[in-house]
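By convention in this document, chain letters (A, B, ...) are assigned in the order of the sequence lines, proteins followed by strands, and residues within each chain are numbered from 1. Below, each value reflects all heavy atoms present in this structure, side chains not excepted, and no hydrogens, waters or symmetry copies.
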Amino acid sequence: MTTQDLFDNDPLPPRQRLGPGSLLLRGFALPYQTRLLAALNAVIDAAPFRHMVTPGGYGMSVAMSNCGELGWVTDLRGYRYSPVNPASEHPWPAMPEVFFQLATSAAAEAGYADFMPDACLINRYEPGSKMGLHQDKDELDFTQPIVSVSLGLPAVFLFGGLRRNDKTERIPLTHGDVVVWGGADRLRYHGILPLKSGRHPLLDTARINLTFRKAG
DNA sequence: AAGTAACA
DNA sequence: GGGT
């Protein structure tokens with residue numbers, strides 16, 4: 001019996017305010033999960049995951065794909081949104097309706113009633129995969145929020161402040177959780193701690209994160 | 001640098 | 001584990 005075990009059984013509240021413009025919706029994606037995963041498989045068939053390279057020349061531990069009008073990409077030249085998949089030169093797959101419905105519903109719950117995402121970044125974490133602290137700042141309109149959907153293995157979300165050195169909050173995210181951040185929180189630093197090994201009934205050894213943005 | 005490495 |  002460790003101290004952590006004492007906390008593991010505490011019920012997590014269904015809604016948690018993380019800041020003036022941020023809301024954590026526990027299990028919000030669960031009613032969508034079957035359709036979500038079917039649509040995800042179709043998107044990944046058309047635009048397979050790959051490990052992109054940062055401007056410094058290192059590969060990312062997270063494998064990525066995109067759907068929607070625009071996709072977030074990185075290579076030696078930098079970060080940007082692109083209407084085409086650089087691996088194929090084809091447009092990204094269209095954003096499935098169920099993706100759009102989930103994202104707009106979650107945004108509305110958090111007070112962003114007119115959110116119209118045109119980009120969905122799909123991140124696949126395997127054990128050890130992580131995402132360093134960063135801001136989402138390649139979008140054109142920071143009045144539009146970010147909607148982040150967690151599927152599969154649990155992970156620890158780091159939610160920092162507007163400056164890189166601000167103290168970070170550690171938030172455990174499990175299958176079906178949705179985080180929305182915007183307004184005064186839109187440019188808060190965030191990241192993911194290295195994923196722990198495990199097995200999920202639907203996604204086996206992986207965590208999938210869908211991040212919706214109004215990029216263009 | 002959405003990255004790693006070295007160091008305190 | 002922080003910050004650089």
Side-chain angles (χ1 to χ4, degrees), chain A residues 2-4 7 18-19 21-22 24 40 43-44 47-87 92 103 117-142 144-173 177-182 185-196 206-216:
Chain A
T2 68
T3 305
Q4 190 57 48
F7 292 96
L18 303 177
S22 312
L24 165 54
L40 173 66
V43 167
I44 295 306
F49 286 116
R50 68 188 181 90
H51 292 270
M52 295 195 288
V53 172
T54 63
Y58 293 97
M60 299 184 73
S61 62
V62 175
M64 297 178 162
S65 184
N66 290 275
C67 62
E69 291 295 311
L70 293 169
W72 187 86
V73 298
T74 175
D75 58 21
L76 293 175
R77 293 156 38 203
Y79 304 150
R80 64 200 172 275
Y81 281 93
S82 168
V84 298
N85 181 353
W92 297 105
D118 57 11
C120 175
L121 175 61
I122 305 168
N123 292 151
R124 185 190 65 197
Y125 295 76
E126 298 285 354
S129 295
K130 58 189 158 56
M131 182 80 68
L133 270 190
H134 68 281
Q135 296 171 299
D136 289 10
K137 59 179 183 186
D138 299 317
E139 302 76 25
L140 293 179
D141 181 2
F142 296 146
Q144 295 301 309
I146 302 291
V147 174
S148 170
V149 177
S150 293
L151 299 168
L153 291 181
V156 178
F157 181 58
L158 296 176
F159 203 37
L162 299 179
R163 298 169 306 183
R164 178 176 283 276
N165 293 350
D166 289 343
K167 185 162 57 184
T168 59
E169 186 177 357
R170 292 157 121 86
I171 300 162
L173 294 179
D177 291 348
V178 178
V179 182
V180 181
W181 65 95
D185 297 323
R186 175 61 177 75
L187 291 175
R188 282 174 69 170
Y189 278 87
H190 55 282
I192 291 284
L193 290 184
L195 196 78
K196 293 209 296 191
R207 170 179 188 261
I208 302 284
N209 179 69
L210 310 176
T211 310
F212 296 90
R213 305 94 185 270
K214 172 69 179 163

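- Going from atom OH of Y81(A) over to atom CG of L121(A) covers 7.0 Å, rounded to the nearest 0.5 Å.
- Between V62(A) and R124(A), every side-chain heavy-atom pair lies at or beyond the 4.5 Å cut-off.
- Counting only heavy atoms from C-beta outward, the side chains of N209(A) and Y125(A) approach each other to under 4.5 Å.
- Between atom CG of residue L158(A) and atom CD of residue E169(A) there is a gap of 10.0 Å, rounded to the nearest 0.5 Å.
- Protein atom NE2 of H51(A) is 18 Å distant from nucleotide atom P of dA2(B), rounded to whole Å.
- Under the side chain to side chain donor-acceptor pair (under 3.5 Å) test applied with W72(A), the options N66(A), N123(A), D138(A) reduce to a single match, D138(A).
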Atom pairs under 3.5 Å: protein N/O with N/O of nucleotides 2-4 of chain C:
residue	atom	partner	partner atom	Å
dT4(C)	OP2	N165(A)	ND2	2.9

Note, DNA chain C 5' to 3' with Watson-Crick or G-U pairs under 3.5 Å encoded as ( ), [ ], | and . gives ...|
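- Here the closest non-hydrogen pair linking A47(A) and N85(A) is CB-ND2, 3.9 Å.
- A pairwise comparison of heavy atoms in S129(A) and S61(A) identifies OG-O, 2.9 Å as the closest pair.
- The OG1 atom of T168(A) sits 11.0 Å away from the CZ atom of F159(A) when rounded to the nearest 0.5 Å.
- Residues that satisfy the side chain to side chain donor-acceptor pair (under 3.5 Å) test with Y189(A), not counting sequence neighbours, are Q135(A).
- Listed by chain and number, the residues in a salt bridge (charged side-chain N to carboxylate O under 4.0 Å, His left out) with R80(A) are D75(A) (sequence neighbours excluded).
- You'll find the side chain of P83(A) reaches within 4.5 Å of the side chain of L70(A), heavy atoms only.
- Listed in residue order, the members of residues 120-134 of chain A having a heavy atom less than 4.0 Å from DNA chain C come to none.
- Using a 4.0 Å cut-off on heavy atoms, the residues of residues 60-81 of chain A that approach DNA chain B are M60(A), W72(A), Y79(A), listed by number.
- Side-chain contact between M60(A) and T54(A) is present, with at least one heavy-atom pair separated by less than 4.5 Å.
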